[in-house]
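The basis for the numbers below is simple: all heavy atoms, side chains too, and nothing from hydrogens, waters or symmetry mates. So that the names make sense, note that chain A is the first sequence line, chain B the second, and so on, each numbered from 1.
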Amino acid sequence: MSSTDSQAKGSFIHRIIEKDLETNKYGGHVATRFPPEPNGYLHIGHAKSICLNFGIARQFNGHCNLRFDDTNPEKEDIEYTQAIQTDVEWLGFEWDKLCHASDYFEQLYQYALELIQQGKAYVDSLSAAEITEYRGTLTSPGKDSPYRRRTIEENLDLFQRMRSGEFEDGAHILRAKIDMASPNLVMRDPPMYRIRHAQHHHTGDAWCIYPLYDYTHCISDALEGITHSLCTTEFEVRRPLYNWFLDNLPVPCHPQQIEFGRLNFEYTVVSKRKLAQLVDIGIVDGWDDPRMPTLSGMRRRGYTPASIIEFSNRIGITKNDGTVEMSLLESCIRDDLNQNAPRRMAVLRPLKVIIENYPDDAEESLTLANHPNRPELGDRTLPFTREVYIDQTDFAENPPPKFKRLVPGGEVRLRYGYVIKCKEVVKNETGEIEKLICTYDSDTLGKKPEGRKVKGVIHWVPAQYAVNAEVRLYDRLFSIPEPSASGDFLDYINPRSLVTLNNCKLEPSLSEPFTSGVQFEREGYFCLDKGHSSENGLVFNRTVQLRDEWEKIQQKQAARGT
RNA sequence: UGGGCCGUCGCCAAGCGGUAAGGCACUGGGUUUUGAUCCCAGCAUUCGCAGGUUCGAAUCCUGCCGGCCCAGCCA
């Protein structure tokens, strides 16, 4: 177990649970739940909650339910319930029970009746605007609704008629009778039920009144025997209400709500509303666009479940509201892929090289290791031929300082192959470099050249065997670290978040079927975008670049130059 | 402004009265047919600030300062 593991498993929440286990608070049992509302796709912030809730169940030998918090029929959809299950399973977690808050609608209704009978809930007939007005403000107390003094009989009658569909949307609302002068606005007679004549994705048209979050969530937890109800800190102010309902109802148990800090992540937005907006406006091509911080987007981008779980472990659980740097996530995926991704060669921006002293009809089969540090991953073969492609960025007519790739008259090694020397730069009429004429040193295959040092090593692909492909390079979706904290986030879309290269040349082994991520040597980690092939051949998505010391050197040089 | 919560290195985060873990990032150096990986070294005399309690405080107390959340019939 690594140190980061122990960190993630030793948060303040874990300490609370350990203590509860010691004192036998819940009969020595631990039960959690992951309760998404099915109104959008899961994102990296949910991953933190998933890892926490399922991780705790795993660690303490408890249970964790997947529960759809589906009390708002107008926003929810079955499409989302399916996508959510796919994502949770993809991360490698198994729920104990698959639940729907809507499965408890009847029980919730009965409990509401109970509260009315106790004189602790009433039907209010004020308009929405009036209710807002009566609620008061942060600094001034609210005032009682004139309907607050309705008799129990009247409330019972009205609530039952609400259920039977007698009233229009918004005509009445069921409220808890608590305290209109509470300094905590949440406690100023919170709404429990609203009338909505709407089709529900799970209960159909069985109901026309729907319970609200505060009333539903605590009871759902209690009904499922949840011991620790973990949520983010914005729900902290609602904890008194969570407890109020459970204290006033004959529920089977009283779970404990504990809040942790929500994840904020640089250069993106983590809000379902904003993500949905990006999809709707067409800034991205769907919830699973590889630039999206959704789990489906990250999956298509090439992130592995292990890397996301490791990320969750590394960021830890606290009540702080911080913003995590992108480099941390990138470090997690690089660690995983460096260890596990087979290496391949791919030329992204091809430049033809003709090795003039290599016989026209000759061809050698080279053996290439699939992984430089893991021989057990085997090897593959690649033909060496007279014409090859190298990357345009690996050649410079006027090289900047410290450039150690190919230059006119200079030498460089073709990775796994020979050392070549650039003899001539051939240009077209417009002055663009068309191809390079080189020679090779036949005595450099698998050995260092005699009497000189060749520092540069570049990747290449044999021209006649190259496989065409389109490669998509992704960058951060936003151009500033905290787009949500600076006015309209849509003003900060990074125009270069996607760069498509459609004339890429891959080594032939990449046309064979494979499922894992691969490293294109000296470029980065990539994955096949299944089901998104184009007329340019296979489509690869760049998951993340390799660390790039050369890029840093260039940036420093550029900074010095200005 | 009323209420609630939070402030430990650029970022995340241990620490829970005995004298500042770790990861990411960054900076040097070594190995290397990926400017990758790997390795080694450096990186908070100080814990938002100011007082107080104590032999001893990031940890306890008081007061300030800064940030976040709450006025949906959303979750």
Side-chain angles (χ1 to χ4, degrees), chain A residues 2-4 6-8 10-11 15 35-37 39 69-72 74-76 124 126-128 131-133 135-142 169-170 172-175 182-188 191-196 210 212-214 216-217 231-240 259 261-262 266 272-273 313-332 334-335 338-339 343 345 371-373 402-405 413-417 419 444 446-448 454-459 519-524 545-553:
Chain A
S2 73
S3 57
T4 52
S6 51
Q7 169 168 305
S11 74
R15 270 201 301 281
E37 182 188 12
N39 66 342
D69 220 340
D70 55 350
T71 58
N72 187 351
E74 291 168 325
K75 287 189 177 173
E76 296 151 8
D124 197 354
L126 249 26
S127 70
I131 285 181
T132 300
E133 190 193 326
R135 186 153 34 225
T137 69
L138 293 178
T139 50
S140 61
D169 286 9
H172 304 286
I173 185 172
L174 184 71
R175 292 229 254 172
S182 171
N184 183 350
L185 305 226
V186 170
M187 300 300 272
R188 320 242 260 228
M192 292 167 59
Y193 270 91
R194 75 286 220 189
I195 302 171
R196 284 288 176 281
Y210 290 92
L212 281 111
Y213 168 83
D214 290 299
T216 309
H217 202 88
C231 61
T232 43
T233 50
E234 63 264 32
F235 292 94
E236 205 151 22
V237 291
R238 328 191 77 92
R239 193 171 63 224
E259 310 82 15
R262 171 192 188 106
E266 274 191 344
K272 273 194 271 191
R273 203 198 97 243
N313 288 159
R314 290 196 201 177
I315 59 178
I317 299 291
T318 68
K319 297 188 76 163
N320 298 343
D321 42 33
T323 301
V324 177
E325 291 178 344
M326 211 148 213
S327 61
L328 188 59
L329 211 216
E330 291 180 343
S331 166
C332 293
R334 284 197 189 106
D335 274 5
N338 173 50
Q339 190 63 218
R343 310 293 112 131
M345 291 203 287
H371 192 114
N373 312 320
K402 295 190 179 171
F403 189 81
K404 56 181 198 187
R405 280 112 99 139
R413 177 178 294 279
L414 295 178
R415 170 136 242 234
Y416 301 112
V419 168
T444 55
K447 59 168 100 163
K448 295 196 190 321
V454 173
K455 270 198 279 184
V457 178
I458 65 176
H459 59 283
Q519 183 193 102
F520 289 174
E521 293 211 38
R522 301 207 312 129
E523 291 285 356
Q545 292 183 68
L546 251 29
R547 279 197 187 86
D548 192 349
E549 192 70 23
W550 172 235
E551 192 175 79
K552 271 188 213 166
I553 293 170

Going 5' to 3' through nucleotides 33-44 of chain B, assign each nucleotide B (protein heavy atom under 4.0 Å from a base atom), S (under 4.0 Å only from sugar-phosphate atoms) or - (no protein heavy atom that close). BBBSB-------
Heavy-atom protein contacts under 4.0 Å, nucleotides 70-75 of chain B, coded B base, S sugar-phosphate only, - none: BBSBSB
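Straight-line distance between the P atoms of B:C5 and B:C43: roughly 38 Å, to the nearest whole Å. Nucleotides B:G42 and B:U33, compared at atom C1', are 31 Å apart to the nearest Å. Rounded to whole Å, the C1' atom of B:C60 lies 16 Å from the corresponding atom of B:C47. The separation of B:C40 from B:C24, taken at their P atoms, amounts to 13 Å, rounded to a whole angstrom. Using atom P as the reference point in both B:A20 and B:U1, the two lie 38 Å apart (nearest Å). Nucleotides B:A14 and B:G72 have their C1' atoms positioned 39 Å apart, rounded to a whole Å. Nucleotides B:A71 and B:G4, compared at atom C1', are 14 Å apart to the nearest Å. Distance noted for atom C1' between B:G66 and B:U32: 49 Å (whole Å).
Shortest non-hydrogen contact noted between A:Met187 and A:Ser182 is CB-OG, 3.5 Å. Here the closest heavy-atom approach between residue A:Arg334 and residue A:Arg547 is recorded as NE-N, 3.8 Å.
Put simply, OH on A:Tyr213 and CG on A:Asp69 are 6.5 Å apart, with the number rounded to the nearest 0.5 Å.
Base pairing of B:A41 is made with B:U27, judged by Watson-Crick or G-U wobble geometry with both donor-acceptor distances under 3.5 Å. The partner of B:U34, taking Watson-Crick or G-U wobble pairs whose two distances both stay under 3.5 Å, does not exist in any strand shown. In this structure B:G22 sits in a base pair with B:C12, meeting the Watson-Crick or G-U test at under 3.5 Å. Pair check for B:C68 finds B:G4; Watson-Crick or G-U wobble, both atom distances under 3.5 Å. With a cut-off of 3.5 Å on both pairing distances, the Watson-Crick or G-U wobble partner of B:C49 is B:G63.
Across all strands shown, A:Arg175 has no heavy atoms under 4.0 Å from either base or sugar-phosphate atoms. Residue A:Thr323 is classed as a sugar-phosphate contact, given heavy-atom separations below 4.0 Å to backbone atoms only. In this structure, A:Thr318 reaches the sugar-phosphate backbone alone: every heavy-atom distance under 4.0 Å involves primed, P, OP1 or OP2 atoms, never a base.
In this structure A:Asp214 satisfies the salt bridge (charged side-chain N to carboxylate O under 4.0 Å, His left out) test together with A:Arg238, sequence neighbours excluded. By the salt bridge (charged side-chain N to carboxylate O under 4.0 Å, His left out) test, A:Arg196 is found to be paired with A:Glu74, residues two or more places apart in sequence or in another chain being considered. Residues passing the salt bridge (charged side-chain N to carboxylate O under 4.0 Å, His left out) test with A:Glu259 are A:Arg239, A:Lys319, sequence neighbours excluded. A search for salt bridge (charged side-chain N to carboxylate O under 4.0 Å, His left out) contacts involving A:Glu266 returns nothing, not counting sequence neighbours. By the side-chain hydrogen bond (donor to acceptor under 3.5 Å, both in side chains) test, A:Asp335 pairs with A:Arg314, sequence neighbours left out. Residues satisfying the side-chain hydrogen bond (donor to acceptor under 3.5 Å, both in side chains) criterion with A:Asn184, sequence neighbours excluded, are absent altogether. Here A:Val324 pairs with A:Leu263, A:Phe265, A:Phe311, A:Ile315, A:Leu328 under the side chain to side chain contact (heavy atoms under 4.5 Å, CB included) rule; sequence neighbours left out.
If you take CD of A:Glu236 and P of B:C69, they are 13 Å apart, rounded to a whole angstrom. For A:Ile317 and B:G15, the CD1 to P distance is 14 Å, given to the nearest whole Å. When rounded to the nearest whole Å, the span between NZ of A:Lys319 and P of B:A13 equals 14 Å. Summarising the geometry, the separation between CZ on A:Arg314 and C1' on B:C12 is reported as 11 Å, rounded to the nearest angstrom. When rounded to the nearest whole Å, the span between CG of A:Leu329 and C1' of B:A13 equals 17 Å. Taking atom CE on A:Met326 and atom P on B:C24, their separation rounds to 18 Å, with Å as the unit. The CD-P distance, from A:Glu330 to B:C12, rounds to 17 Å in whole Å. A straight line from CE of A:Met187 to C1' of B:C69 spans 17 Å, rounded to a whole angstrom.
Contact annotation: A:Arg15 reaches the phosphate of B:G15 (side-chain N/O to OP1 or OP2, under 4.0 Å).
Base orientation of B:G7: anti, the glycosidic angle falling outside 90° of 0.
Counted by atom type alone, A:His172 and A:Asp124 present zero donor-acceptor pairs between their side chains at under 3.5 Å.
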